> 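Following this message is one structure expressed as C-alpha cells.
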Amino acid sequence: MASNGVGNGEFSFDNKGRTGLPKIQTQKTEENVVCHDDSATPVKAQTLDELHSLQKKKSAPTTPIKSPRVFGVAVSEEERQKQQLQSPLHKLLELYEQAIKYEKGSFITSSGALATLSGAKTGRSPRDKRVVRDETTEEDLWWGKGSPNIEMDEQTFLINRERAVDYLCSLEKVFVNDQFLNWDPNNRIKVRIVSARAYHSLFMHNMCIRPTPEELEDFGTPDFTIYNAGQFPCNRYTHYMTSSTSIDINLARREMVILGTQYAGEMKKGLFGVMHYLMPKRQILSLHSGCNMGKEGDVALFFGLSGTGKTTLSTDHNRYLIGDDEHCWSNHGVSNIEGGCYAKCIDLSREKEPDIWNAIKFGTVLENVVFEEHTREVDYTDKSVTENTRAAYPIEYIPNAKIPCVGPHPKNVILLACDAFGVLPPVSKLNLAQTMYHFISGYTALVAGTEDGIKEPTATFSACFGAAFIMLHPTKYAAMLAEKMQKHGATGWLVNTGWSGGSYGSGSRIKLAYTRRIIDAIHSGALLKAEYKKTEVFGLEIPTELEGVPSEILDPVNTWPDKKAHKDTLLKLGGLFRKNFEVFTNYKIGTDSKLTEEILAAGPNF
Ligand SMILES: Nc1ncnc2c1ncn2[C@@H]1O[C@H](COP(=O)(O)OP(=O)(O)OP(=O)(O)O)[C@@H](O)[C@H]1O
Ligand SMILES: O=C([O-])CC(=O)C(=O)O
Ligand SMILES: [Ca+2]
Ligand SMILES: [Mn+2]
C-alpha cells in the first residue's frame with residue numbers, strides 16, 4: 001500500500017490497475033442543480049458540487065523546503081524541534097472536517113476540542129492481543145502463564161492482515177500518518193499508521209512525534225506499520241480468535257493489524273509493546289511511566305497502573321514535563337517515546353488540574369465525553385458513555401513541556417498505587433530491594449465499573465506496572481531498572497494515591513492536594529531528611545511529619561476508626577501480595593544473587 005507521502009492527510013486509492021472498471025456516471029438530480037434567479041449576476045456553477053468547488057481556491061504546488069532556514073541562516077536544533085511540534089493548521093482543519101462529516105458522534109466542543117466516540121470499545125482489549133510466535137520470538141519473548149503475549153502463527157496473521165488491508169482498500173480514502181517514536185535521536189523509530197477514521201489519524205498525530213516537512217520528505221521506509229481496520233471485525237472462525245476483536249503483532253514483519261475495535265489507545269499501546277521489545281535489545285529500558293524535571297535538572301519517574309496518577313502528577317506547573325506515559329532510560333538519560341499526552345478526564349476540574357484543563361482546546365481529541373447539546377460544554381462528571389473518558393493532546397499544549405522531551409538520569413523513582421483497601425501509607429521510602437519488589441508486583445486496587453453500591457476493591461498485580469505491554473520476562477526489565485537505579489543513585493518511593501480512613505466505601509480517596517505536597521517533598525529532597533518509622537506487615541519506612549499534610553494521615557492505622565478491620569485488611573492485602581509473588585520466587589533478577597534474595601525478602605512479613 002502506498003503512502004500519500006505527506007503524512008496525516010487523506011489519501012485516495014487510485015482505481016487504475018485494481019479493477020479496470022470505468023467510473024460509474026451518476027445522473028444530475030434536480031436537487032443538485034443550482035437555482036439561478038435574475039436579480040444578481042449568476043454564479044458560474046451549474047450544480048451544487050460545482051458551486052462548492054468554487055469555494056476552494058487551488059493552491060500552488062509546494063516544494064517542501066529542504067533545510068529550514070530563517071533569512072538564509074540555518075535554524076538551531078532546538079528551534080527546529082519547536083517547529084516540528086507545531087501542527088500545520090490546515091492539517092487539523094482537514095481532520096476535523098473529515099471526522100465531523102463522516103464519523104457519527106464527532107463534534108466541536110466549546111473549548112475547540114474534537115469530541116469523538118470510539119464505538120463499542122471504550123478501553124483496551126488485552127485478551128484479544130496476539131503475537132506471532134516464530135523462531136525468533138519463541139526464544140526472545142515471554143510466553144505462557146501470566147504473559148500478555150498470546151500466540152498466533154504467521155499464517156493466521158496474514159489472514160487477518162489481508163482482511164484488514166482488503167477492508168481499507170474498499171474505502172474511498174484512508175489516512176496515513178508517518179511519524180516518529182522516541183525523542184532520543186539515536187534510537188528513534190519510524191512508524192506508519194494506516195487508518196480509516198480521521199479520529200484515529202488525529203489521535204496518532206497528537207500522540208506520536210510529528211516530523212518536520214523536511215523529515216517527512218526524507219521519511220523513507222517505516223520501521224513499523226499499523227493497519228488499523230478497527231471498524232471491521234475479525235472472523236471469529238479464524239484460528240486463535242476468541243472474539244470479533246483482534247490486535248495482532250508480527251515483529252518479524254514489523255507490522256500490526258487491528259480488527260474489531262476502534263479504541264485508539266490500542267495503537268498507542270501496541271507501539272509501546274513493540275518498543276518494549278526493540279529497546280531492551282539495545283540495552284535501553286522501556287518504562288510505563290510519567291516523567292518530569294525540576295528547575296535544577298532533577299528528574300523523577302512516575303510508575304503506576306492505569307488511573308494511579310502518572311499523567312496527573314507528572315503534569316506539574318512547577319516542573320518541566322518530559323512525558324506522561326511511556327519513556328526510555330538509556331546510558332544517556334531519559335527520553336519520552338511519544339509526542340503527546342493521554343489524560344483521563346473523569347471528574348476533571350480546572351482548579352485541581354489547570355494545565356490538563358487548558359490543554360483541551362482546538363486540536364485535542366476528546367474521547368467518549370458527554371457534552372451539553374447546545375452550549376457544547378463538556379460535563380466531565382458524566383460517565384454515561386464510559387468512565388474511561390480521555391483527552392489526547394500534543395505535549396506542547398502543556399506550557400512547561402520540556403522540548404526536546406529528554407532529560408538526565410532520574411533522581412527519584414516514584415511507584416504509584418491507588419490502594420482502594422486504604423492500608424498502604426500515603427508515602428513510604430523504599431530501599432532498592434523494596435523498590436524492585438514493588439516494581440515486579442505492580443500493584444493497584446481500583447474499584448471498577450459504574451455500578452452503584454459499595455463494592456469490594458479488587459487487587460490488580462501487573463508486573464513492571466505494565467504487564468499488558470511488556471514482551472520479555474518481567475525480571476529482565478527489573479534487572480535493568482535495579483542496575484540503573486544503583487548506578488545513578490536514584491531513590492525509590494511508594495505513593496498511595498488511593499484510599500485513606502478505611503477501604504473504598506468507608507474511607508475516601510486521598511486529596512490530590514496532599515499527594516501533590518508529598519510529591520513536592522520528594523522532589524525538593526525534604527522528605528529524604530525526614531524522620532522515619534517502620535510499618536507492620538509491609539515493613540515500609542514512613543515519615544512522621546511532612547509539610548502541608550496532616551501528620552495523622554501518614555500512618556493509615558490512625559485514620560481507621562476500626563483498628564481490627566484495619567489489621568484484617570492489612571493482612572489480607574499482604575496475603576494477596578505474597579500469593580502474587582509466588583511465580584517470581586524461582587527467578588534470578590540480574591547477575592547479583594544477593595539482590596535477588598533481598599528482593600524476595602522485601603515483601604510483606606507476617
Ligand atoms: N490523590 C490523587 N493523586 C492522583 N490522582 C488522583 C488523586 N485523587 C484523584 N485523582 C484522579 O485520579 C486520576 C489519575 O489518572 P491519570 O490520568 O493520572 O492516570 P495514569 O496513571 O496516567 O493512567 P493511564 O496509564 O491509564 O494513562 C485522575 O483522574 C485524577 O484526577
Ligand atoms: O492505554 C490506554 O488505554 C490508557 C493507558 O494509558 C493505560 O491503560 O495505561
Ligand atoms: Ca496517563
Ligand atoms: Mn498508560
Side-chain angles (χ1 to χ4, degrees), residues 116 118-129 148 181 199-200 203-204 206-208 226 228 230 245 247 249 256 258 261-276 286-292 301-316 321-328 336-348 353 355-357 359-360 364-369 385-395 397-398 401 405 414-418 442-444 446 448 460-470 497 512:
T116 61
S118 68
K121 294 278 164 83
T122 56
R124 282 179 291 104
S125 311
R127 275 182 299 273
D128 296 312
K129 181 174 148 188
L181 295 179
Y199 148 50
H200 288 152
F203 177 92
M204 291 309 267
N206 289 350
M207 293 308 298
C208 297
I226 299 181
N228 185 351
T245 299
I247 300 110
I249 296 177
M256 179 165 125
I258 300 177
T261 172
Q262 297 176 57
Y263 182 66
E266 295 291 1
M267 295 181 283
K268 161 190 161 66
K269 281 304 204 290
L271 291 174
F272 190 36
V274 174
M275 292 300 274
H276 270 302
S286 44
L287 314 157
H288 186 210
S289 77
C291 181
N292 67 18
L301 293 176
F302 299 81
F303 286 98
L305 291 176
S306 190
T308 55
K310 292 184 298 299
T311 301
T312 296
L313 299 170
S314 57
T315 310
D316 179 333
L321 178 66
I322 292 178
D324 79 323
D325 199 59
E326 305 177 4
H327 290 85
C328 285
N336 188 355
I337 289 176
E338 304 179 288
C341 303
Y342 195 30
K344 271 187 171 289
C345 296
I346 202 69
D347 297 326
L348 182 69
E353 303 188 59
D355 286 344
I356 294 176
W357 180 279
I360 302 178
T364 296
V365 175
L366 262 179
E367 290 178 326
N368 302 317
V369 297
V385 179
T386 175
E387 186 158 343
N388 189 31
T389 53
R390 293 270 181 172
Y393 46 86
I395 190 159
Y397 280 19
I398 297 296
C405 303
I414 303 169
L415 309 183
L416 304 170
C418 176
Y443 164 74
T444 202
L446 291 162
T460 308
F461 293 95
S462 179
C464 310
F465 291 105
F469 326 120
I470 59 179
T497 62
L512 179 55

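Values in this document were obtained by computation on a predicted structure and should not be read as measured data. Note that ligands are numbered from 1 as they come in the structure, with each ligand's atoms numbered from 1 the same way.
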> Measuring from the heavy atoms of F272, does anything fall under 4.0 Å of ligand 2?
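Contact absent.
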
> With heavy-atom distances below 4.0 Å as the criterion, list the atoms of ligand 2 near K269.
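It comes down to these atoms of ligand 2: 1 (O), 5 (C), 6 (O), 7 (C), 9 (O).
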
> Can a donor-acceptor pair be found, under 3.5 Å and without considering hydrogens, that links the side chain of S462 to the backbone of A467?
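Such a contact is found between S462 side chain and A467 backbone.
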
> Is the ring centre of Y342 less than 6.0 Å from the ring centre of F203?
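Yes, close enough.
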
> Less than 6.0 angstrom from the centroid, inside 45 degrees of the normal: does K121 satisfy that with respect to the ring of Y263?
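No, K121 does not lie over the aromatic ring of Y263.
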
> At less than 4.0 angstrom from any non-hydrogen atom of S306, what atoms of ligand 2 do you find?
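Taking each heavy atom of S306 in turn, ligand 2 has 7 (C), 8 (O) under 4.0 Å.
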
> What do you reckon, does H288 put a non-hydrogen atom under 4.0 Å from ligand 2?
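Distance cut 4.0 Å: H288 passes for ligand 2.
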
> Backbone or side chain, does T311 get an N/O/S atom under 3.0 Å to the Ca ion (ligand 3)?
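Yes, since at least one N, O or S atom of T311 sits under 3.0 Å from the Ca ion (ligand 3).
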
> Is a donor on one side and an acceptor on the other found under 3.5 Å between the side chain of N206 and the backbone of A392?
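Yes: the side chain of N206 pairs with the backbone of A392.
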
> For Q262, is there any backbone N or O sitting under 3.5 Å from a side-chain donor or acceptor partner on H200?
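Pair found, side chain donor or acceptor close to backbone of Q262.
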
> Return yes when at least one N/O/S atom of K269 is nearer than 2.8 Å to the Mn ion (ligand 4), and no when none is.
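Of the N, O and S atoms in K269, at least one lies under 2.8 Å from the Mn ion (ligand 4), which means yes.
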
> Has K268 got a side-chain atom pairing as donor or acceptor with C208's backbone, closer than 3.5 angstrom?
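Not confirmed, K268 side chain does not pair with C208 backbone.
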
> Quick one: look up the protein heavy atom nearest atom 1 (O) of ligand 2 and list residue, atom name and how far away it is.
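Checking every protein heavy atom, the shortest distance to atom 1 (O) of ligand 2 gives R124 NE, 2.8 Å.
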
> Mind checking whether R390 has a heavy atom under 4.0 Å from ligand 2?
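Right, R390 reaches ligand 2.
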
> Are the side chains of H288 and K269 in contact, using a 4.5 Å heavy-atom criterion?
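Contact flag for K269/H288 side chains = yes.
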
> Suppose we measure from atom 3 (O) of ligand 2 to each protein heavy atom; which comes out shortest, and what is that distance?
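Minimum-distance protein heavy atom for atom 3 (O) of ligand 2 reads Y263 OH, 2.7 Å.
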
> How does D325 reach ligand 2, if at all, at less than 4.0 Å between non-hydrogen atoms: by side chain, backbone, both, or neither?
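Within the 4.0 Å criterion, D325 contacts ligand 2 through side-chain atoms alone.
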
> I'd like to know if the side chain of T497 reaches the main chain of T308, judged simply by a donor and an acceptor atom lying under 3.5 Å from each other, with no hydrogens or angles considered.
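Yes; at least one donor-acceptor contact below 3.5 Å.
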
> Checking one value in my table: which N/O/S atom of D325 lies closest to the Mn ion (ligand 4)?
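It is OD1 of D325.
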
